[in-house]
Each structure stands twice: as C-alpha cells, then as structure tokens.
There are 2 protein chains.
Amino acid sequence: MHTEADWAAQLHSHDRRVTKQRLAVLAAVGQLPHATAEAVTDAARATLQALTLQSVYVVLADLTALGMLRRIEPPNSPARYETRTGDNHHHAICTSCGKIEDVDCAVGHAPCLTPSSTTMTIKIADVLYQGICSDCGP
Amino acid sequence: MHTEADWAAQLHSHDRRVTKQRLAVLAAVGQLPHATAEAVTDAARATLQALTLQSVYVVLADLTALGMLRRIEPPNSPARYETRTGDNHHHAICTSCGKIEDVDCAVGHAPCLTPSSTTMTIKIADVLYQGICSDCGP
DNA sequence: CCCTTATTGTGAATTACTCAGAATAGGTGG
DNA sequence: CCACCTATTCTGAGTAATTCACAATAAGGG
C-alpha cells in the first residue's frame with residue numbers, strides 16, 4: 001500500500017507541492033481503483049469538503065503524466081484511474097455490468113510486445129479483455 | 001474487398017433497409033480505414049452531398065452493433081471505424097503523429113485470450129500498441 | 001403505385017473534459 | 001517565524017464528441 005508520506009515523497013521528487021487536494025485525490029484513487037473523475041471527487045470530499053471537479057481533473061491529468069497514476073479508457077465510459085502503475089497489468093471489463101478487474105500479464109512478462117508486422121517501435125501494449133463476469137453470466 | 005452489392009446483401013440479412021446513406025458510409029469507411037465520424041462524413045459527401053453528421057453517427061453506431069463495422073477508441077482521439085471485422089486483429093498507434101496501423105495477432109491466433117487470473121468469461125481481447133512510427137522516430 | 005414504418009434530417013441537449021483568469025496557499029529565503 | 005513568490009486551486013465559461021426528440025422522407029412489401 002501507499003501511505004500519505006509515501007505520496008508526499010513522490011510528489012516532492014517530481015517537484016510538485018504537497019497539497020491537501022493532491023493527497024485527497026491520491027487516497028481516493030487508492031481506495032477506489034478504476035474510479036471515474038466524478039467518483040474520485042465524491043470520495044475525496046469525504047475528507048476535503050471544498051474540492052472542485054475541475055481541480056480533480058487537473059490533478060488526475062498531471063499525476064497521470066508523472067506516472068503516479070494510470071489512466072484507463074474503457075469503451076462507452078468516462079476515463080478511470082488507478083494507483084497500480086509500472087507493472088504492465090491489464091483489465092477485464094464485463095460488457096453487461098461494466099465491472100472492471102485487474103488481470104496480470106497472460107504469457108510471461110510482456111506477451112504482446114512483439115507484434116508480427118509493423119513498422120513502429122512499440123513502447124506499450126495495453127490489453128483490454130471484454131467478457132461476462134460471474135455475477136452477470138452463466 | 002466489399003462491393004456495393006455485398007454490403008446490400010449484408011444489410012438485408014440483418015433486416016435493414018438498403019439506403020444511399022448506409023452505402024455511402026460503408027464505402028467511405030472501406031476506403032478510409034480508421035477514419036473518424038467526421039472524416040467519414042466528408043468522404044461520403046463526395047457522392048451524397050446532403051448527408052448529415054448526425055445520421056452518420058446513427059449509421060455507424062447501428063452498423064457497429066450489427067458487427068458490420070468495428071469501432072476503435074484510441075486515447076485522446078474521437079472514435080474510429082473500419083470494415084475489417086471478425087479477424088481478431090489489433091492496432092498500433094504512433095504517440096507522436098497519431099497514425100494507426102493494423103497489426104495481426106502476435107502469438108498464434110488469440111494470444112491473450114487466456115488471462116491468468118479472472119472470474120470473467122472472456123469474449124474479446126483487444127490489444128492496443130503504442131509506439132513511434134518510422135516517420136516520426138529513429 | 002400506395003402505404004407502412006424504418007430511416008434520415010433538424011435542432012437542441014448532454015457528457016466529459018479543458019481553458020482563462022482571479023484567489024489561495026505551499027515552501028523557501030530572510 | 002514571517003513574508004513573498006509562484007504553483008495550485010477555484011470560479012465560471014467554453015469546447016468536442018456524441019446523443020436525443022420529433023418532424024420529414026423514402027425503402028420495399030402488398
């Protein structure tokens with residue numbers, strides 16, 4: 001897990017000030033993985049009542065750019081955020097109820113990093129699984 | 001390739017009427033793979049001047065639901081459409097210029113269809129590669 | 001050819017997000 | 001400890017992509 005001091009240290013190392021808002025957003029994303037900007041705002045307001053959605057958007061975008069958060073964009077859904085970064089894990093989405101689960105890499109470390117035919121130099125391979133979760137399906 | 005008669009037959013088999021608009025949209029997506037709704041509209045207007053963006057959205061959504069088109073949603077970009085469906089291929093996006101390339105499955109037929117740990121029944125695995133294309137990078 | 005109803009067009013609304021500028025508050029140097 | 005500088009947040013408005021409601025049009029079966 002990440003402690004508040006942990007987050008503060010990471011913010012410092014990126015030349016960012018340690019603000020109530022950033023800590024509240026980080027804590028909220030930590031306890032609600034895959035939450036939308038709006039859900040993060042609601043959760044963060046439990047400890048910081050005066051917090052605007054716009055600031056949450058700014059904070060989420062900045063922390064994502066720093067690599068402290070990861071942003072996922074499921075189809076037909078607003079963007080979602082999580083604190084689990086840097087481990088090349090993927091996501092499974094239930095097409096019925098929309099639930100999102102983390103999924104570790106399928107084959108070894110980086111299964112799909114070697115596409116068969118492309119002229120591009122690949123940096124990232126994001127895998128999005130879609131299916132039916134145990135609550136919804138047979 | 002797909003001929004106009006081909007598309008018409010597919011529309012019929014889905015109990016859809018064969019309209020100028022649908023044929024124009026299908027032709028446009030066929031000749032401009034990975035085009036946005038707006039680009040599709042512009043291209044389709046070459047042969048059907050009176051065509052509204054809203055109708056294109058409706059047609060694209062319906063044809064995607066039928067499986068005649070595939071919709072891809074790159075990060076930081078509007079949705080894009082293609083006529084190549086049902087072959088489990090993936091996409092590589094250049095993070096510099098935004099160019100999109102088709103990529104065949106990496107390992108055999110369905111590399112990532114067997115995630116290591118999940119309670120979901122997986123139906124689809126979409127892989128999104130991000131990198132630098134030969135025009136932009138070293 | 002006519003009629004029924006799917007489809008399209010018209011115009012406005014919604015969602016998710018971004019931007020400009022003023023107010024606030026970290027954190028550093030005195 | 002205090003003041004100041006500037007990053008950060010707030011206020012309020014703006015934008016892009018997409019969807020919706022309802023009227024107008026046109027496919028295609030009878």
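Order of the sequence lines sets the chain letters (A, B, ...), proteins ahead of strands, with each chain counted from 1. Any value given below was found using the heavy atoms of this structure, including those in side chains, with hydrogens, waters and symmetry copies removed.
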Enquirer: Among residues 66-83 of chain A, which contact DNA chain D at a heavy-atom distance under 4.0 Å?
Expert: none
Enquirer: Once side-chain hydrogen bond (donor to acceptor under 3.5 Å, both in side chains) is applied, do any residues pair with B:Gln31, and if so which ones, sequence neighbours excluded?
Expert: none
Enquirer: If we ignore hydrogens and angles and just use 3.5 Å, is the side chain of A:Arg80 paired with the main-chain N or O of A:His34 as donor and acceptor?
Expert: yes
Enquirer: Going by side-chain hydrogen bond (donor to acceptor under 3.5 Å, both in side chains), name the residues that satisfy it together with B:Thr47, two or more places apart in sequence or in a different chain.
Expert: none
Enquirer: Using the test side-chain hydrogen bond (donor to acceptor under 3.5 Å, both in side chains), find all partners of A:Asp135 that sit at least two apart in sequence or belong to another chain.
Expert: none
Enquirer: Can you tell whether the side chains of A:Asp126 and A:Arg71 come within less than 4.0 Å, N to carboxylate O?
Expert: no
Enquirer: My understanding is that only residues two or more places apart in sequence, or in another chain, count here; which of them pass side-chain hydrogen bond (donor to acceptor under 3.5 Å, both in side chains) with A:Arg45?
Expert: none
Enquirer: Any donor-acceptor pair under 3.5 Å linking the side chain of A:Arg84 with the backbone of A:Glu82?
Expert: no
Enquirer: Tell me, for nucleotides 1-12 of chain C in 5' to 3' order, what letter each nucleotide earns: B for a base near a protein heavy atom under 4.0 Å, S for only sugar-phosphate near one, - for neither?
Expert: ----BBSSBBBB
Enquirer: For A:His2, check ring-ring contact (aromatic ring centres under 6.0 Å, His included) against everything at least two apart and list the hits.
Expert: A:Trp7
Enquirer: Tell me every residue that passes side chain to side chain contact (heavy atoms under 4.5 Å, CB included) with A:Ala61, counting only those two or more places apart in sequence or in another chain.
Expert: none
Enquirer: Mind jotting down which residue pairs meet the side-chain hydrogen bond (donor to acceptor under 3.5 Å, both in side chains) criterion with at least one end in residues 19-30 of chain B? Sequence neighbours excluded, please.
Expert: none
Enquirer: Under 4.0 Å from OP1 or OP2 of C:dG27: is there any side-chain N or O of A:His12 that close?
Expert: yes
Enquirer: Please assess A:Lys123 against B:Thr95 for the test side chain to side chain contact (heavy atoms under 4.5 Å, CB included), listing each intermediate value before the final yes or no.
Expert: CA-CA 9 Å; A:Lys123 292 273 164 50; B:Thr95 50; over 6 Å; no
Enquirer: With ILVMFWY side chains joined below 4.5 Å, transitively, what does B:Tyr57's cluster contain besides itself?
Expert: B:Leu53
Enquirer: Anything under 4.0 Å to a heavy atom of chain B counts; send over the first and last such nucleotide of DNA chain D, read 5' to 3'.
Expert: D:dA17 to D:dG28
Enquirer: Between the two end axes of the helix from C:dC1-D:dG30 to C:dG30-D:dC1, each built from 5 base pairs, what angle do you get to the nearest 10°?
Expert: 30°
